[in-house]
Participant: 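Please find one structure pasted underneath; my questions will follow.
The sequence lines fix the lettering, A, B, ..., with proteins before strands; numbering per chain opens at 1.
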Amino acid sequence: MIKIRNVRKSFDEMDAVENVSIKVNKGSIYGLLGSNGAGKTTLLKLLAGIYAEDEGSVAIAGQPVFENPVIKEKIFFIQDHPYFLPQYTVKQMAQFYQNIYSRWDDGRFEELAAIFEMDMHKKIHRFSKGFQRQAAFILALSARPEVLILDEPMDGLDPVMRKKVKSLLIDEVAEREMTILISSHNLREVEDLCDFIGIMHKGRMILEKDLDDLKTDTHKIQVAFKGSAPAIFDSLRILHKEKRGSVILCIVKGDAKEISSYVEQFKPVIFDMLPLTLEEIFIYEMGDIGYAVQNILG
Amino acid sequence: MKWGTLDMQSRTSLVKREILKTIFRSVGWVSIVYFLGLFFAIPLDIIMNSSEEQRKFLDIDNLFQYNFQLQYIFNISVPVILSVFLFRFTQVKQYSDLMHSLPVKRASIFHQYALTGIMLLILPVLLIALIVLMLYQPMNLQEFYSIGEIFNWVGITLLLNIVIYLAGVSVGMLTGLSAVQGALTYIFLLLPVGLIILVSINLPFYLFGYPDQYYMASKFEKFSPLIALTQMNMRTPSSAEAAIYLFLILTLYYLGLQIYKRRRMEAVSQALVFPVTKPIFKYSVTFCTMLLGGGYFGEMRGGISWLIAGYLFGALIGYAAAEMVLQKSWRVTINMKGLMAYTALMAALFILFQFDFTQYEKNIPRGNEIERVHFSESFYLYSDIDHEEPLYLKEYENIDLVRRFHETIVKDENRLAEIPGRDSVFIVYELKNGEKLVRDYRINKKEYKPFLKLIYESDEYKKATNEIYQVSADATTKLTITPNGPVTKRAVITDDKDLKEAIEVLTEEVDSASFEELQGSDEPYAHIEIFYNDSNKAYMPWYPSYSRFEEWLEEKSLLNEARVNSNDISYALAAKAKDIDVNFAAGYSYEEVFEEMRDSKSAVKLTDKNQIESSLKNSDGFMDGDYIIAFYFDEQRTIDIKSFTEKTVPVFIKERLQ
Ligand SMILES: Nc1ncnc2c1ncn2[C@@H]1O[C@H](COP(=O)(O)OP(=O)(O)OP(=O)(O)O)[C@@H](O)[C@H]1O
Ligand SMILES: [Mg+2]
């Protein structure tokens, strides 16, 4: 659905996004992670057709986005600080978008407004930050986009609202295969939502992962042997290894069953296989570039 | 077809109803304010001044003349305010992101905004015109102007407003800050005129004889809609001008669109959006302030070092200010390389001009190339005469005199450029090939007296500069002689024979008047007005040297009425100037000085008629003499103060003041 290839965007000689490529399939949720100034917002604005790319290509459904109303009709972008036309009420904004986005669904709008108990006749700029964000979600979802671009969407929402929004998004994806691109500073905030994540640092994409794969692929094992340890580790894909007394602790990649049957051969005194949090996986997986990712995981 | 139905027919229709709505919501008020302003200025004024009594005093022959200042203020501010508020969405980051993430092409956004803006300017003007049309019959406005004037007003107002508005729009596309948009728009609109002025005040420093006033006044108002608008109550622009404005409208619209399409949205909130415009802006500002600084310091005539100091000072201020705007900070970093290149270029230009590389200064047309020549002491004598043709000399000898005088001045360039004189010489050669050569010099007349005397005493010059030559004695109906002083009496001649004689005598006086007399260093006795051919009036001063005229008046027993004499004065007070505080510059009135003299012991009182008469004759009007004398005029109880020098002071005063 979304195909970004070798994109570069610079501001006054400074590259904000450099040689980034992303592919997002229809119906999946892609999390874009990175510390402040990593280039997330820039990349999202390129995708929303606000900025023109300096190099490379940004395409949705096979067509370039910039200055292409047919494609932009199918996209909805919520800014990091939601913004509305000056002095508009939610209702007026809805009328505005209805006129602009042909796939606008008024029934859906009424429905969502009811769910969020939104006051439709109050000027939006008088709302609190969280309510403004809710209003943005309602409007965005009512436009029925095929691609929803969210820049740090959870910012300013209370935990109850977060849950509500997340489940709405997931429903929407499941129901009509909407594609979502979501940016965040914080992995935890989006880990339960995303299928894919990409980590940006200083304008570059340093890591892209399928989260389901990651979770089923990476394991923490604790083993202890009588006497010295046999050379079993040479044939395992070890990300990390440390010794605590006679217990060896390591992070191993691979299929869980294969690993355990392999280790059992050596008759360990202790053998435990523990699940890993996503956070731990990243820390071990990333090694050198880990420093860049600390923030996101913190 | 309604917009709505159009909307439904095509998915990506050109006009989005909601976009128009948001435009009206955000800038509709500008249109309303404009309407109200114009309503106060015109229809309300018409209604308020509708009584017979008021109409008598109305002097109006077009719509601009109703509260012109108010209209002017609205006409130059509303379009710019409109362009700024209308395109707010290009200057606020989040607003810009919102608008540009919508599935609408930029061209479409531009057309919808820019055209709706034009509509918002047109509507109030049309409404006002409609109201005036409705008032036209009931208010009997045909007494003042034709219906056509209403359409004229609509046309001119709209043309100029739209030019200003589109200038604002185009400039707005270049910048990412609303304040800069507003300021740059006015700078842009004034730029052509400003440059002419700046260059004109600087060129005289390089081109000896460059007539700066001539170029500055040469209809430059047409180059700026802001200035052209100041005259719309007095003149109607030609159709050529209207065509130029129309062309400007189309060009500016197209430019605005093209710039907008190429605009990088990330540059919102930067002073200038396009990197290439930054150095252009920076060095243009530097250049202009440099010229301004040079012009200002140069005017003070401190010589070349002051001129250069002015340039440096102006350039530095301009450069720093431009950088501050661009970097949006008081503390700026300076690009030395650019500044050096600029300085080198300017120095080269400066040196080049020192060599008169265009041969401007030495260019004097040959005698046989010249059709006629204007020669006067000021540019204003050439331009400001109400609808009258300025003086021209056509006789070959006189043309040649002017040429030779000109040559002499050019030879004296080095001396004159260093210490320019106080008097001005303004020369316009009109050549046979249709070209003009205009020069303006500052000299001291005294140094060139031989030339001036020959020119001024020539028949042709006298005929051209003295109105009396235009009077035909037969058609003259009246001649009045109004004394120069605080009296109400005057001499009036209406008898045909007397009129003929008077005109004859006066013509002879002027014929034989010398350069010195015509220069009018003596205060005239009286001012003469000659009424002829029904409504024509010729004017001339009566100088004390015109003694034949005095005799003639004496013969006709008109002398007493024709000038101030001792009969008008009951007494006079005289004193040494140093004994009395006569500093008029410090705000002393005649009355105060008179009081002081009356109370002072060092002043003497004259009551003898002969002494007063003699004092009157010998004193002169400048207050810088060694003795001062105050005359008391009975009739209106007024005071006139004059002075004597050591030479002119009468003995009877001098003795009494010993
Ligand atoms: N309009 C702009 N003009 C100039 N530089 C910009 C602009 N927008 C962003 N940048 C620069 O580009 C880099 C990337 O910025 P971007 O906003 O994309 O980061 P981000 O990952 O969204 O950061 P954050 O987490 O703080 O939102 C930063 O160094 C920023 O200073
Ligand atoms: Mg961001």
Side-chain angles (χ1 to χ4, degrees), chain A residues 9-14 16-17 41-42 44-54 60 65-89 92-104 125 132 136 139-140 143 145 147 149 151, chain B residues 3-4 6-29 85-86 88-90 92-110 112 176 260-270 272-275 278 326-327:
Chain A
K9 177 75 192 171
S10 54
F11 302 127
D12 304 322
E13 335 263 274
M14 191 230 17
V17 169
T41 302
T42 307
L44 294 187
K45 285 185 184 172
L46 283 164
L47 190 63
I50 297 166
Y51 295 168
E53 59 274 17
D54 292 337
I60 288 180
V65 180
F66 189 70
E67 278 285 80
N68 186 347
V70 180
I71 291 301
K72 283 169 95 175
E73 270 252 288
K74 301 178 179 163
I75 312 175
F76 201 103
F77 173 56
I78 299 184
Q79 303 183 33
D80 47 3
H81 300 281
Y83 187 81
F84 308 90
L85 294 171
Q87 304 290 331
Y88 269 50
T89 66
Q92 287 166 337
M93 272 320 285
Q95 278 170 358
F96 179 79
Y97 282 131
Q98 181 173 25
N99 183 230
I100 304 285
Y101 289 93
S102 58
R103 297 146 51 91
W104 176 272
H125 70 268
Q132 290 191 5
L139 292 164
V147 175
I149 304 170
D151 198 357
Chain B
W3 297 126
L6 189 79
D7 205 347
M8 270 173 229
Q9 280 167 0
S10 72
R11 241 159 46 97
T12 49
S13 65
L14 289 175
V15 176
K16 300 277 189 194
R17 186 189 61 243
E18 285 291 331
I19 288 190
L20 298 190
K21 222 158 137 187
T22 186
I23 295 173
F24 281 109
R25 281 212 180 109
S26 60
V27 292
W29 63 270
F85 281 93
L86 190 60
R88 255 318 261 174
F89 74 88
T90 59
V92 177
K93 195 178 189 122
Q94 292 174 306
Y95 203 167
S96 163
D97 289 346
L98 169 66
M99 291 307 292
H100 297 111
S101 69
L102 298 178
V104 185
K105 277 205 174 214
R106 289 204 191 175
S108 166
I109 294 182
F110 183 84
Q112 292 183 61
Y260 178 58
K261 277 190 182 168
R262 286 166 181 72
R263 186 185 163 94
R264 299 168 308 131
M265 291 313 157
E266 60 267 29
V268 167
S269 86
Q270 289 181 17
L272 289 172
V273 169
F274 293 90
K278 290 181 186 177
L326 287 179
Q327 298 179 19

Participant: Check side chain to side chain contact (heavy atoms under 4.5 Å, CB included) between A:Ser10 and all other residues, then give those that pass, not counting sequence neighbours.
Facilitator: A:Arg8, A:Asp15, A:Asp54

Participant: Under 4.5 Å from any heavy atom of chain B, what part of A:Asp12 do you find: side chain, backbone, both or neither?
Facilitator: side chain

Participant: Checking B:Arg25 against chain A: side chain, backbone, both or neither under 4.5 Å from a heavy atom?
Facilitator: side chain

Participant: With a 4.5 angstrom heavy-atom cut-off, could you sort out which part of B:Ser101 is near chain A: side chain, backbone, both or neither?
Facilitator: both

Participant: Which atom pair, heavy atoms only, marks the closest approach of A:Ile100 to B:Pro103?
Facilitator: CG2-CD, 3.5 Å

Participant: For the side chain of B:Glu266 and the backbone of A:Phe11, is there at least one donor-acceptor N/O pair under 3.5 Å apart?
Facilitator: no

Participant: Decide yes or no on side-chain contact (heavy atoms from CB on, under 4.5 Å) for B:Ile19 and A:Asn99, but give the supporting numbers first.
Facilitator: CA-CA 9 Å; B:Ile19 288 190; A:Asn99 183 230; 5.6 Å; no

Participant: Any donor and acceptor pair, going by atom type alone, linking the side chain of A:Glu67 with main-chain N or O of B:Arg106 inside 3.5 Å?
Facilitator: yes

Participant: Return the NZ to NE2 distance between A:Lys72 and B:His100, rounded to the nearest 0.5 Å.
Facilitator: 8.0 Å

Participant: Quick one: of A:Phe84, A:Tyr88, A:Tyr101, who has the most non-hydrogen atom pairs under 4.5 Å with chain B?
Facilitator: A:Tyr88

Participant: Below 4.5 Å from any heavy atom of chain B, which atoms of A:Phe76 appear? Answer side chain, backbone, both or neither.
Facilitator: neither

Participant: Tell me the closest heavy-atom pair linking B:Met99 and A:Leu85, and the distance in Å.
Facilitator: SD-CD2, 4.1 Å

Participant: Non-hydrogen atoms of chain B under 4.5 Å away: do they reach the side chain of A:Lys9, the backbone, both or neither?
Facilitator: side chain

Participant: Can you tell me how far the CD atom of A:Gln79 sits from the NZ atom of B:Lys93, to the nearest 0.5 Å?
Facilitator: 10.0 Å

Participant: Name the option with the most non-hydrogen atom pairs under 4.5 Å to chain B; the candidates are A:Gln92, A:Gln98, A:Gln87.
Facilitator: A:Gln92

Participant: CG of B:Leu102 to CD1 of A:Ile75: how many Å apart, nearest 0.5 Å?
Facilitator: 11.5 Å

Participant: Checking B:Lys261 against chain A: side chain, backbone, both or neither under 4.5 Å from a heavy atom?
Facilitator: neither

Participant: Using side-chain heavy atoms (C-beta onward) and a distance below 4.5 Å, is A:Tyr83 in contact with B:Asp97?
Facilitator: no

